[in-house]
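Following: one structure in structure tokens, then a few remarks.
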Amino acid sequence: MAVARRRVNIEEGRAALAAWQAAVEPSGTAGSPGAAAGTPPSRSLIATAVRYSLEEVTARAPGNSVEVRVPPFGVTQCVEGPRHTRGTPPNVIECDAETWLSLVTGRISWGEAVAAGRVAASGLRANLSELLPL
């Protein structure tokens, strides 16, 4: 199976993901509940973090049976299995960027996100709980 070419530099992607995580984590000390998060991350930082993490999921679980969509920033196909070639794929996962990055960094679990309706997952293979967090 051919490996997809990365479009996001690995170091830039890791830095963007770390910067996103630092921006959304509470900024107070461990003993201060309710501390506000830092400065909201920029759209370009979010885009880089999402694209890098989508590429990383594909690198860890290559394949074409599941399509992961994080509009408007990116889409990828991953997970071994039946190849999808035309029309709407049978296994689709879609969520917003904040939810995706929260899943990738372990801020929320796959089960929590699905139960809360933050992830739309359709199809028998549309489950990334084994792959996330990265």
Side-chain angles (χ1 to χ4, degrees):
M1 170 176 288
V3 177
R5 180 180 62 87
R6 286 191 180 259
R7 295 179 181 203
V8 177
N9 176 285
I10 293 173
E11 294 307 316
E12 289 175 18
R14 286 181 181 155
L17 196 54
W20 177 85
Q21 197 165 11
V24 298
E25 290 295 323
S27 58
T29 61
S32 60
T39 306
S42 69
R43 182 174 169 85
S44 64
L45 181 113
I46 293 169
T48 302
V50 167
R51 291 175 184 140
Y52 162 74
S53 59
L54 287 170
E55 288 178 358
E56 191 63 23
V57 165
T58 301
R60 293 180 186 201
N64 296 93
S65 68
V66 177
E67 186 166 289
V68 181
R69 302 173 181 168
V70 185
F73 300 112
V75 63
T76 193
Q77 289 186 354
C78 57
V79 182
E80 239 180 77
R83 181 174 178 79
H84 163 73
T85 56
R86 299 187 66 179
T88 303
N91 302 291
V92 177
I93 295 167
E94 186 167 340
C95 62
D96 62 80
E98 180 183 357
T99 300
W100 175 251
L101 294 174
S102 293
L103 286 164
V104 165
T105 58
R107 295 188 76 216
I108 60 172
S109 72
W110 178 261
E112 291 168 337
V114 171
R118 294 177 65 184
V119 171
S122 63
L124 295 174
R125 295 175 180 265
N127 182 337
L128 298 181
S129 60
E130 298 285 322
L131 297 171
L132 298 174
L134 292 180

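In this chain, numbering begins with 1 at the start of the sequence shown.
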Nearest-0.5 Å distance, CD of residue E56 to CG of residue L132: 11.0 Å
For L134 against S53, the heavy-atom pair lying closest together: CD1-O, 3.9 Å
Minimal non-hydrogen separation, Y52 against I10, with atom names: CE1-O, 3.9 Å
R51 to F73 - nearest heavy-atom pair and separation: NE-O, 2.8 Å
Polar side-chain atom of T76 near backbone of V68 as donor-acceptor pair, under 3.5 Å: no
Atom of A61, atom of L131 and distance for their closest heavy-atom approach: CB-CD1, 3.6 Å
Single-linkage hydrophobic cluster, 4.5 Å side-chain cutoff, W100 and V92 together: no
Verdict with supporting geometry, E25 and R107, salt bridge (Lys or Arg N to Asp or Glu O under 4.0 Å): CA-CA 9 Å; E25 290 295 323; R107 295 188 76 216; 3.2 Å; yes
Donor-acceptor under 3.5 Å (E55 side chain, V8 main chain): yes
Spacing of R69 atom CZ and Q77 atom CD [to the nearest 0.5 Å]: 9.5 Å
Main-chain N/O of E80 paired with R125 side-chain donor or acceptor, under 3.5 Å: yes
Stepwise side chain to side chain contact (heavy atoms under 4.5 Å, CB included) check, L103 with V119: CA-CA 10 Å; L103 286 164; V119 171; 3.9 Å; yes
C78 vs T58 side-chain heavy atoms within contact, under 4.5 Å: yes
